[in-house]
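For clarity, every value in this text was computed on a predicted model and none was experimentally measured.
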Amino acid sequence: MRSHKATRGVDRAPHRSLFLAAGFHPAELERPLVGVASSANDIVPGHVHLEKIAEAVKAGVRMGGGTPIEFTTIGVCDGIAMNHAGMHYSLASRELIADSIEVMVEAHCFDALVLVTNCDKITPGMMIAAARLKLPTIMISGGPMLAGEIDGKKIDLSSVFEAVGSFHAGRMTKDELEYIANNACPGCGSCAGMFTANSMNCMAEALGLALPGNGTIPAISAKRLHLAKEAGMRIMELLEKNIKASDILVPDAFENALAVDMALGCSTNTLLHLTALAYECGLKIDFNRVNEISRQTPQLCLLSPAGQNRIEDLDRAGGIKAVMKELLQADLLKKELITVTGKTVAENLADVDGADGKVIRPIDDPYRPEGGLAVLFGTLSPDGSVVKQGAVAASMQRFEGKARVFNSEESVSAAINRGEITEGSVVVIRYEGPRGGPGMREMLSPTAALAGMGLDEKVALITDGRFSGATRGASIGHVSPEAAAGGPIALVKDGDLISIDLPKRRLDLKVPEEELQRRRASWKRPEPKINHGYLKRYARQVSSASSGAVFYADNGEGKDQ
């Protein structure tokens, strides 16, 4: 046991005295020590109830014969941080979360780990820590929020952001806006649609790092507490069998996750985080392979923001298990991979029913013939860019328009609210990438405002930053290389013609190469928008979005992209 380094022998008597001072009984030190990393706090709706989830995990660990030891990590609410300087810190927090868990686990010699998480950057940060530590590990999320409701119609956080656009367009009164805001988010949990938080919790389940049900059981359900206790008991079985996170996070597990991602129509941010997680595992996600999986995997669910169903509906329809059963029956999953149940994917799904035919369509009658995400390459994004193609209208699958260029989210939001964006435009938002942001801000406000104005099927948006998982429409993010690294997006000018072709996976700037060379000769890298504290260090260390926006090892790789 790793923990024996801190608890056994004459030389560890001082260590034991400190455990006793913390309230541990000597008998507890005879058992395996299980770290319970919780990101509970009082500001993130998806995390305000995580103390109860952590307590349930600890009860499960004790039932399984272990000694649970809880510690906490930070957590940013993307919705509250949205559309102001706070969002610079959101993605950047992912690396701090992974590092802080590594520090706590290694410093205190825990034998195993349960990760209690829920929202956008916290879940991938914890997953990265699991990959790095190579210990028996289970992830348990706090579960999704229920949808709000007005006049029998379900609403969620994206409804509020879109209502802001409707208000600025004169299509809604302030009182109507406030009524939607007061009813969209009825209680605790990760926001109700297939946004980034729920997407990543579903990915944890698809990877085999979380128990079945992790992605969809509602936050307020007693079944969520049952699952947390089950996670606590199961971690002791994994410890006994020495099944580590690194045994689960193998190349085929990422293939499974990408297939489930495509079938669900998840957030574009899943590709950013899965790429970062793969990097931590010593693997690389090939974007061309992502497109292959997208082409062969039909989209079986149409969840908010692409459709009207929410995560609670997916749960009632059978959850991720039912989606995976459909994929398994079509030979679209690798079935012999070990998971945190101690069983294989096939064994986990043996007694599971498939599609309900409504929320989850059968494989031969999907919502869309291809998966929810696509990676676009071309003269504007040589290293790739990502679009949630399952949320793009048919009329926008192929689109050509003149560029309207903005160097920050604030400037484009102001232009949208002033009514300056017209039909047929391609809005380019640059210097918002990992380095240029810094922090690769998630931008729901511009996309939702255009949707609220009825322009989501008439205007395209392109950025080297990120769009929210709650985004719908022709919103293409993660353009790489980013503008701050001298990528082609830095050379775009107002009026340039930009071509989008989702079926061909192309994103092209229709400007002659000679002209681009002239522009490049006069281009100068701008000063960072935030040049102090953590973000100053982050901007110097972070890699491109195409490689997951990770911190490269100390070999100089990340210094000049």
Side chain to side chain contact (heavy atoms under 4.5 Å, CB included) between L373 and K388, intermediate numbers included: CA-CA 5 Å; L373 297 183; K388 194 172 189 175; 4.2 Å; yes

Heavy-atom distance under 4.5 Å between the side chains of V550 and T275, does that happen here? no

Does a side-chain heavy-atom distance below 4.5 Å link F161 with S445? yes

Indicate yes or no: does R289 engage E292 in a salt bridge with an N to O separation below 4.0 Å. yes

Contact check, side chains of F551 and V542, non-hydrogen atoms, under 4.5 Å: yes

Under 3.5 Å, is there a donor-acceptor pair between the side chain of Y89 and the main chain of V76? no

Neighbour count above 12 (heavy atom, 6.0 Å) for E51 CD: no

Minimum side-chain heavy-atom gap I462-S385 below 4.5 Å: no

Any salt bridge between D99 and R132, counting N to O under 4.0 Å? yes

Could you tell me whether K458 atom NZ has more than 12 heavy atoms of other residues or ligands within 6.0 Å of it? no

Between R310 and Q308, is there a donor-acceptor pair closer than 3.5 Å when you use the side chain of the first and the backbone of the second? yes

Above 12 or not: heavy atoms from other molecules or residues under 6.0 Å from CD1 of I530? yes

Option passing side-chain contact (heavy atoms from CB on, under 4.5 Å) with S190 (candidates N198, V44, I311): N198

Any donor-acceptor pair under 3.5 Å from R519 side chain to L491 backbone: yes

Any donor-acceptor pair under 3.5 Å linking the side chain of N201 with the backbone of N118? yes

Side chains of M127 and I97: closer than 4.5 Å at any heavy-atom pair? no

Counting only N and O atoms by type, is there a donor-acceptor contact under 3.5 Å from the side chain of K529 to the main-chain atoms of A85? no

Is there a donor-acceptor contact under 3.5 Å linking the side chains of S547 and S544? no

Can you check whether E409's main-chain N or O pairs, donor with acceptor, with E432's side chain at less than 3.5 Å? yes

Take F467 and S267 through the side chain to side chain contact (heavy atoms under 4.5 Å, CB included) test and state the conclusion after the steps. CA-CA 9 Å; F467 291 120; S267 164; over 6 Å; no

Look only at the side chain of E312 and the backbone of P218, and say whether a donor-acceptor pair between them is shorter than 3.5 Å. no

Under 3.5 Å, is there a donor-acceptor pair linking the side chains of S199 and N269? no

Using 0.5 Å steps for rounding, measure from the CZ atom of R94 to the CD1 atom of I128. 4.5 Å

Answer whether the closest heavy-atom distance between the side chains of M443 and S475 falls below 4.5 Å. no

Would you sort out whether M194 and C301 count as a side chain to side chain contact (heavy atoms under 4.5 Å, CB included), showing the intermediate values? CA-CA 10 Å; M194 189 54 81; C301 302; over 6 Å; no

Taking the side chain as everything from C-beta on, heavy atoms only, tell me whether I416 gets closer than 4.5 Å to M453. yes

Please check if the side chain of S39 supplies one atom and the backbone of V116 the other of a donor-acceptor pair under 3.5 Å. yes

For the pair T447 (side chain) and L444 (backbone), establish whether a donor and an acceptor sit closer than 3.5 Å, ignoring hydrogens and angles. yes

Keeping D508 on the side-chain end and S499 on the backbone end, is there a donor-acceptor pair under 3.5 Å? no

For a 4.5 angstrom cut-off between non-hydrogen side-chain atoms, does L314 reach I320? yes

